[in-house]
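Reading through the structure tokens given below for one structure.
Fair warning: this is a prediction, and the values are worked out from it, not measured in the lab.
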Amino acid sequence: PMIELSAVSITAWGRIVKRSFDVIFSSISIIILLPVCMVASIWVYVSDPTGPIIYKNRRIGQNGKIFSLYKFRYMYWKYCIKEEYGIEDEAISYEEKLKQEKNTREWPLYKIENDPRKMPWGRYLERLSIDELPQLYNVLKWDMSIIWPRPHQPREINLYDESDKQVLTVKPGITGMAQVYGRDKNTFKNEIMLDTYYIEHYSTTLDLSILLRTFFVVFIRFF
């Protein structure tokens, strides 16, 4: 082509600044939050020692690349989907059953109401986003960034329209525009719209705004 129109507004210099911020922010956060991570690790082990403390979940990253997303496990191991561990069991079929019965979100996304797979206090790990803290390591590995659209699972991506896949042109993030404006109350199309807006209107100012709103959203979930 003689003319190329980019749907991503970030420049080469902007990518350098963003990556530098990611490394510095995630490194400092890991050090500061180490006591929280230790308490969470002990809690997971005591609740269910049969599985790993940090759970690997298969997600789709930039340009369709599959990577392992890390989370503190808040479900009983027998109910965790183990694709990333090379284990096939009934966890997927049980999840599909729960989706049919208790899903509160619009397809292809899902959120299971009163999920029976969660361990005691597991809902609090999830509610306060403590389960997401291991993703700071994903940022250091450059699988993810601090702020970009959240990554989804392969079986969710398979249901995307072609126009929805613009969110796959960038690194996935720990938080993003859809997480601070509506979060799980967003419909699928609203989430895609917010993430696409962010990609097309990226700026350092917008990043700082989303980061501050993330702290606020997590804080109010304590109450």
Quick one: are [X] and [Y] in side-chain contact, heavy atoms under 4.5 Å?
{"X": "Ile60", "Y": "Pro151", "answer": "no"}
{"X": "Ile16", "Y": "Ser20", "answer": "yes"}
{"X": "Leu128", "Y": "Phe219", "answer": "no"}
{"X": "Pro52", "Y": "Ile54", "answer": "no"}

Are the side chain of [X] and the backbone of [Y] linked by a donor-acceptor contact shorter than 3.5 Å?
{"X": "Asn186", "Y": "Arg183", "answer": "yes"}
{"X": "Tyr70", "Y": "Leu136", "answer": "no"}
{"X": "Lys71", "Y": "Asn57", "answer": "no"}
{"X": "Ser47", "Y": "Val44", "answer": "no"}
{"X": "Asp143", "Y": "Pro172", "answer": "no"}
{"X": "Asp195", "Y": "Pro149", "answer": "no"}
{"X": "Glu156", "Y": "Gln153", "answer": "yes"}

Could you give me the CA-CA distance, side-chain angles and deciding distance for Ile112 and Glu101, then say whether side-chain contact (heavy atoms from CB on, under 4.5 Å) is met? CA-CA 8 Å; Ile112 297 170; Glu101 296 174 352; over 6 Å; no
Can you confirm if the NZ or CZ of [X] lies within 45° of the ring axis of [Y] and under 6.0 Å from the centre of its six-membered ring?
{"X": "Lys99", "Y": "Tyr110", "value": "yes"}
{"X": "Arg59", "Y": "Phe67", "value": "no"}
{"X": "Lys18", "Y": "Trp13", "value": "no"}

Transitively linked via ILVMFWY side-chain contacts under 4.5 Å: [X] with [Y]?
{"X": "Val139", "Y": "Leu208", "value": "no"}
{"X": "Phe21", "Y": "Leu33", "value": "yes"}
{"X": "Val23", "Y": "Ile147", "value": "yes"}
{"X": "Met144", "Y": "Ile146", "value": "yes"}
{"X": "Leu212", "Y": "Val180", "value": "no"}

Looking only at non-hydrogen atoms, find the nearest pair between [X] and [Y] and report the distance.
{"X": "Ala40", "Y": "Leu125", "answer": "CB-CD2, 4.3 Å"}
{"X": "Phe72", "Y": "Leu133", "answer": "CE1-CB, 4.3 Å"}
{"X": "Asn138", "Y": "Ser68", "answer": "ND2-O, 2.9 Å"}

Pro116: what forms a side chain to side chain contact (heavy atoms under 4.5 Å, CB included) with it, not counting sequence neighbours? Tyr94, Leu98, Lys102
Pairwise distance [atom1]([X]) to [atom2]([Y]) - rounded to 0.5 angstrom:
{"X": "Asp164", "Y": "Met193", "atom1": "CG", "atom2": "CE", "result": "12.5 Å"}
{"X": "Ile92", "Y": "Arg155", "atom1": "CD1", "atom2": "CZ", "result": "5.5 Å"}
{"X": "Asp184", "Y": "Glu191", "atom1": "CG", "atom2": "CD", "result": "9.5 Å"}
{"X": "Tyr76", "Y": "Lys118", "atom1": "OH", "atom2": "NZ", "result": "12.5 Å"}
{"X": "Ile24", "Y": "Ser29", "atom1": "CD1", "atom2": "OG", "result": "11.5 Å"}
{"X": "Tyr181", "Y": "Ile210", "atom1": "OH", "atom2": "CD1", "result": "7.0 Å"}

Count the heavy atoms belonging to other residues, nucleotides or ligands that lie under 6.0 Å from CD of Glu90, then report whether that count exceeds 12. no
Greater than 12 external heavy atoms within 6.0 Å of Lys185's NZ: no
Report the C-alpha separation of Glu200 and Gln166 in whole Å, then their side-chain angles, then the decisive distance to 0.1 Å, and conclude whether the side-chain contact (heavy atoms from CB on, under 4.5 Å) test is met. CA-CA 10 Å; Glu200 295 177 348; Gln166 185 177 343; 3.4 Å; yes
Between Arg73 and Asp48, does the salt bridge (Lys or Arg N to Asp or Glu O under 4.0 Å) criterion hold? Intermediate values first, please. CA-CA 9 Å; Arg73 180 171 57 87; Asp48 180 18; 2.9 Å; yes
Looking at [Y] and [X], is any side-chain nitrogen of the basic one under 4.0 Å from a carboxylate oxygen of the acidic one?
{"X": "Arg15", "Y": "Asp22", "answer": "no"}
{"X": "Asp115", "Y": "Arg123", "answer": "no"}
{"X": "Glu132", "Y": "Arg150", "answer": "yes"}
{"X": "Glu83", "Y": "Lys56", "answer": "no"}
{"X": "Lys82", "Y": "Asp89", "answer": "yes"}

Going by salt bridge (charged side-chain N to carboxylate O under 4.0 Å, His left out), name the residues that satisfy it together with Arg58, two or more places apart in sequence or in a different chain. Glu84
Tell me, please, which residues at least two apart from Lys65 pass salt bridge (charged side-chain N to carboxylate O under 4.0 Å, His left out). none
Aromatic ring centroids of [X] and [Y] under 6.0 Å?
{"X": "Trp121", "Y": "Tyr74", "value": "no"}
{"X": "Trp77", "Y": "Tyr85", "value": "yes"}
{"X": "Phe188", "Y": "Tyr160", "value": "yes"}

No-hydrogen, no-angle side-chain donor-acceptor test under 3.5 Å, Asp161 and Ser163: no
Go through Asp207 and Tyr198 one step at a time and tell me if the side-chain contact (heavy atoms from CB on, under 4.5 Å) criterion holds. CA-CA 9 Å; Asp207 261 10; Tyr198 172 78; 2.3 Å; yes
Would Trp148 and Ile174 satisfy side-chain contact (heavy atoms from CB on, under 4.5 Å), going step by step from the backbone distance to the final call? CA-CA 7 Å; Trp148 275 123; Ile174 294 179; over 6 Å; no
